[in-house]
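As structure tokens, the structure follows; a few thoughts come after it.
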Amino acid sequence: MSFREVFVRILITGASGFAGQHLIRYLAAVQPEAEQHGTVFRADVSSLVSNATYHRLDLCQAEAVLQLIRELCPDVIYHLAAQSAPARSLKSPWYTLETNVRSQLNLLQSCIESNLSPRILLVTSSEVYGIVKPEELPITENHPLRPANHYSLSKITQDLMGWQYFMMHGLPVIRVRAFNHIGTGQGSDFVTIDFALQIARIEAGQQTPIMRVGNLNAQRDFTDVRDTVRAYYLLMQHGIPGECYNVATGKCHSIQELLDILLSYSTTPIHVESDPKRMRPSDIPILQGDYAKLGTLTGWQPSISFADTLRDVLHDCRQRVT
Ligand code: GDD
């Protein structure tokens, strides 16, 4: 019997988030027989995709999490909920650590206390690798974990906690280190949407034609979120419990390149200005991932080009603005 037949009840934490909404849409298409449930903290449920049943709760509340896990008895859990912005962690270190660590602890502990052993995909981040030397690129899963900010530290803790619950309790935890993923519906805290929204507002006459930017020298490995959630699904099916997997494209682009592509799609001339408020006191210069472990196991490879993703994002931002 394949996992596809076995996995009937899915729980997605952070279901209202950017990746959560894409994942629900994708699972509805590939596993139409499955029952999808999602946890939501604050979002307006009426604005979310309709393929899931949403449960409003604070994952930091242990009792509420235990109650939900006992009620649903999920066969699989995609744990996506988190404070997901490294920039925000610089201003709110404890909030970031507490949210990310406590939520996951409650989730894993609830499974143990309910005598359940669902397959659990824990989504951490390429930020776990911190600052890497050029000769260490592309980064494999064997690279040391070196926190460069509090977000990174929270994700390393989540990663190691996943390992601990696998070792200590035999919980089938699969750890995913997701590199930057971008696409429609992402929050404006993140660079792609931030820049695309500025272009859309300028085109609509809602902003003077000046684009404000931060550090354009940083380089990131950007995956289209539709490819990212496909990787999550494949890892849920084929991932080996206890193991960790990078989700990346193997290519990196500077933020300058991202800006140039978006500007090339603009219908109006735009002047670019550096904004000191957008510069981070510490910013990882480069992240480029090696996805061979994922690719060899599942056959996954990225399918959507960077330029196409950026075109889709700008189109989406133009619609948001109007
Ligand atoms: N947000 C933002 N706004 N970033 C800017 C700007 C700007 O105006 N200008 C330059 N940047 C640079 C940042 O300094 C950073 O180097 C890069 O753009 C990407 O920033 P973000 O899009 O905010 O993402 P991130 O890399 O900090 O974090 C994302 O990727 C991680 C994986 O590496 C998030 O998706 C995390 O959740 C994820 O774990």
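Quick note: numbers below take in every heavy atom, side chains included, and nothing from hydrogens, waters or symmetry partners. Here the structure is a predicted model, which means the values were calculated and not measured. One-based numbering, in listed order, for ligands and for the atoms of each.
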Part of His181 with heavy atoms under 4.0 Å of ligand 1, whether side chain, backbone, both or neither:
neither

Enumerate the atoms of ligand 1 whose separation from the nearest heavy atom of Ser126 is less than 4.0 angstrom.
32 (C), 33 (O)

Around atom CZ of Arg318, are there more than 12 heavy atoms from other residues, nucleotides or ligands closer than 6.0 Å?
yes

Going by the 4.0 angstrom heavy-atom rule, the piece of Leu287 near ligand 1 is side chain

Is it true that atom CD of Gln301 has more than 12 heavy atoms of other residues, nucleotides or ligands lying nearer than 6.0 Å?
no

Any idea which part of Asn180 is under 4.0 Å from ligand 1, heavy-atom wise: side chain, backbone, both or neither?
both

Result for side-chain hydrogen bond (donor to acceptor under 3.5 Å, both in side chains) between Thr249 and one of Thr228, Asp221, Thr223 points to Asp221

Asp189 to ligand 1: N or O pair under 3.5 Å?
yes

For Ala218, the ligand 1 atoms whose distance to one of its heavy atoms is below 4.0 Å
16 (O)

Should the proximity of Val191 to ligand 1, defined as any heavy atom under 4.0 Å, be assigned to the side chain, the backbone, both, or neither?
both

In Å, rounded to the nearest 0.5 Å, how long is the span from CG of Leu197 to CD of Gln186?
11.0 Å

Please find the pair of heavy atoms, one from Ile131 and one from Pro285, that lie closest to each other, and give the distance.
CG1-CD, 4.1 Å

Could you list which atoms of ligand 1 come closer than 4.0 Å to a heavy atom of Tyr151?
36 (C), 37 (O), 38 (C), 39 (O)

Counting only heavy atoms closer than 4.0 Å, does ligand 1 sit against the backbone of Ser84, its side chain, both, or neither?
both

Would you tell me whether Asp227 and Ser303 have side-chain atoms, one donor and one acceptor, within less than 3.5 Å of each other?
yes

Testing the basics here: between Ala19 and Val229, what is the closest heavy-atom pair and its distance to 0.1 Å?
O-CG1, 3.7 Å

Can you spot which of Phe179, Phe190, Phe306 makes a ring pair (Phe, Tyr, Trp, His ring centres under 6.0 Å) with Phe222?
Phe306

Option set Thr228, Asp221, Ile255, criterion heavy-atom distance to atom 17 (C) of ligand 1, minimum:
Ile255

Which residue and heavy atom of the protein sit nearest atom 35 (O) of ligand 1, plus the separation
Phe190 CE2, 4.0 Å

Let me see the working for Gln198 and Gln207 under side-chain hydrogen bond (donor to acceptor under 3.5 Å, both in side chains), right down to the final yes or no.
CA-CA 7 Å; Gln198 290 194 62; Gln207 180 177 324; 3.2 Å; yes

Please write down residue, atom name and distance for the protein heavy atom closest to atom 9 (N) of ligand 1.
Gly214 N, 2.9 Å

Is there a nitrogen or oxygen of Arg278 sitting under 3.5 Å from a nitrogen or oxygen of ligand 1?
yes

Candidates Asp283, Asp194, Asn215; heavy atom nearest atom 10 (C) of ligand 1 found on Asn215

What's the shortest heavy-atom distance between Leu57 and Leu68, and which atoms?
CD2-CD2, 4.2 Å

Taking only heavy atoms of Pro86, which atoms of ligand 1 are found under 4.0 Å from at least one of them?
25 (P), 27 (O), 28 (O), 36 (C)

For the aromatic rings, using the six-membered ring if either is Trp, is the centroid distance between Tyr232 and Tyr78 under 6.0 Å?
no

Only heavy atoms of Ala178, strictly under 4.0 Å: list the atoms of ligand 1 that pass.
32 (C)

Using heavy atoms and a threshold below 4.0 Å, how should the contact between Arg280 and ligand 1 be classified: side chain, backbone, both, or neither?
side chain

With heavy atoms and a 4.0 Å threshold, my read on which part of Ala85 contacts ligand 1 is neither

